[in-house]
Structures are given as structure tokens and as C-alpha cells.
Amino acid sequence: MSRRRALLLLERLEALYPDAHCALFYRNPLELLIATILSAQCTDVRVNQVTPALFARYPDAQALAAADPAELEDLIRSTGFFRNKAKNIIGCAQALVTDHGGEVPRRMEDLVALPGVGRKTANVVLGNIFAIPGMVVDTHVKRLAGRFGWTRESDPVRIEKDLCQLLPEERWTQTSHVLILHGRALCKAPIPHCSLCPVLDLCPRQGITRSH
DNA sequence: ATCCCGAGGG
DNA sequence: CCCTCTGGAT
């Protein structure tokens, strides 16, 4: 797919999901970091119930670093993967306290060194809190990028590279969010709702509802 | 029953 | 490349 055609598709998608660039639910770096860690295999609604409760109990990195694992597990149980997440959250908080003065670092290198934080989570924080653009390559973005013919790669890092080369840097963060919203709403795995899709005319698949 | 806004490990 | 971790939504 040509760059021009990709940008046209992107413009149409951005018009379909106008709230993708609106104020973030979480303004504070630590809150967004923890909320993003919690979001794996979990709905936004539940993350947005659990995260405020978590910060009411543990207001900052110092409090989280000293949390009792069993108590934290109980608090986040409903988000799934709760043992891993609790261990990672406490590990993150301890690393923030010992290595970063209790603050969330602004460099990819430092973020991905935190337990339970990969490039996806790091780019969410970098893009939405620190205004450092990056493509958030989650399962939705991977799937749509493939279906749109924006990349043929399967390795997330190479997909990220392809997308960054294809799409304008100043919109990487918003583009990621738009792709995620469209992936959730219509362009689902394994069967996309092509008959309802407003950008079907720009899609190389043209309604072929076969998974990738 | 089956799938999901990840990451770590074999 | 594969697997595991988990509850909840559908």
C-alpha cells in the first residue's frame, strides 16, 4: 500500500474516532504506568475501577514499593494475571525508588528495564504523558497493520519500525490509539465486521473476512 | 468454550 | 517459535 493511500486511510480513521486525542484519564506518570500494566487481558472499565482504588491505598512509588504482595494481589485480582502484575508493580515501584528518585523515567531504555514493562507499555507512557512520540504496537495494531498492508512483518519490533517509517511522527501516539479503537470496535480478530466498516473502500482486503 | 489494549521465559 | 499467567466478557 502506498504511503499516500495509508495516510488517507489514517485521516478517515481519525475522523471516525475523534476522542482518541482527548484528555487522558490518567495525568500522572505513575498512574498511567500502573494502569497500563493492569490493562493486559482486562477491560478499560475494570482498570479504571481498580487503579483509583490502588492509588487510594498506595499513593506513591514509596508506598507501592513497601506493599504487601498478598494485599496488592487482592486489590487487583479482578484484572487477571494478578500474581504477575502484583509482583511487577511492586518491582517497578522499588526500581523507581532506588534508581529514579521515585519518579517514572522518560527514556525508553529505562522504562523497558522495569519489571513487566515492555515497549508497548513504555510507548503508552512516553507518548501520552511525556509527549515523546512512539507507535504502541499491541495485538490490535499488529492485526490492523497487517490487514491494511502497512507491514508484512510479524515481529512487533519490526512492525513498529515499519509503521514509524510509514506514518508521520507527530501522530504516532494518536494513530496507535485510533487503530486500537477501530480494532476493538470493528476490525476484530478473527472475524472483522467488514459490512459495517466505514473505511472498507480503502482496505486492501475489501471485505474478505478471513483472519490473517 | 473461547477470546482478550502483554511480558517473560524456554 | 512456543508456553504460561488469570478473570471476565461474550
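Every value quoted in this text rests on a predicted model; they were computed, and no experiment measured them. Values below: all heavy atoms of this structure, side chains included; hydrogens, waters and symmetry mates excluded. We name chains A, B, ... by the order of the sequence lines, and we start the count at 1 in each one.
Residues A:Ser154 and A:Gly80 each lie close to DNA chain C; by heavy-atom proximity, the contact nearer the 5' end of the strand is made by A:Ser154. Of the two residues contacting DNA chain B, namely A:Leu114 and A:Ser39, the nearest-nucleotide position lying further toward the 5' end is that of A:Ser39. For the pair A:Ala40 and A:Thr43, both in contact range of DNA chain C, the more 5′-proximal nearest nucleotide belongs to A:Ala40.
Contact annotation: A:Arg46 reaches the phosphate of C:dA9 (side-chain N/O to OP1 or OP2, under 4.0 Å).
Using a 4.0 Å heavy-atom distance criterion, A:Phe81 is classed as a base contact. Counting non-hydrogen atoms under 4.0 angstrom, A:Thr79 reaches nothing in the nucleic acid. Heavy atoms of A:Asp44 sit under 4.0 angstrom from at least one base atom. Within 4.0 Å (heavy atoms only), A:Arg184 reaches at least one base atom of the nucleic acid. At a threshold of 4.0 angstrom between heavy atoms, the contacts of A:Val117 are confined to the sugar-phosphate backbone, with no base atom among them.
One can place CD of A:Gln41 at 14 Å from P of C:dA9, the figure rounded to the nearest angstrom.
Rounded to whole Å, the separation between the P atoms of B:dC4 and C:dC2 comes to 16 Å. With C1' as the reference atom, C:dC1 and B:dC5 are 24 Å apart, rounded to whole Å. Taking the P atoms as reference points, C:dT6 lies 22 Å from B:dA1, given to the whole Å.
Results of the side-chain contact (heavy atoms from CB on, under 4.5 Å) test with A:Val104 over A:Val117, A:Leu32, A:Val125 single out A:Val125 as the only residue that passes.
The backbone N or O of A:Pro198 sits less than 3.5 Å from a side-chain atom of A:Arg12, completing a donor-acceptor pair. Judged by distance alone, the side chain of A:Lys85 and the main-chain N or O of A:Ala40 form a donor-acceptor pair under 3.5 Å.
In this structure, A:Arg77 CZ and A:Leu72 CG are separated by 11.0 Å, a value rounded to the nearest 0.5 Å. Expressed to the nearest 0.5 Å, how far OG1 of A:Thr175 lies from CH2 of A:Trp150 amounts to 7.0 Å.
Listed by first and then second residue, the side-chain hydrogen bond (donor to acceptor under 3.5 Å, both in side chains) pairs involving residues 130-140 of chain A are A:His140-A:Arg143 (not counting sequence neighbours). Among residue pairs with one or both ends in residues 56-67 of chain A, those qualifying as side-chain hydrogen bond (donor to acceptor under 3.5 Å, both in side chains) are A:Arg57-A:Glu71; sequence neighbours excluded.
Put simply, chain A comes within 4.0 Å of DNA chain B, heavy atom to any atom, from B:dC4 to B:dG8, going 5' to 3'.
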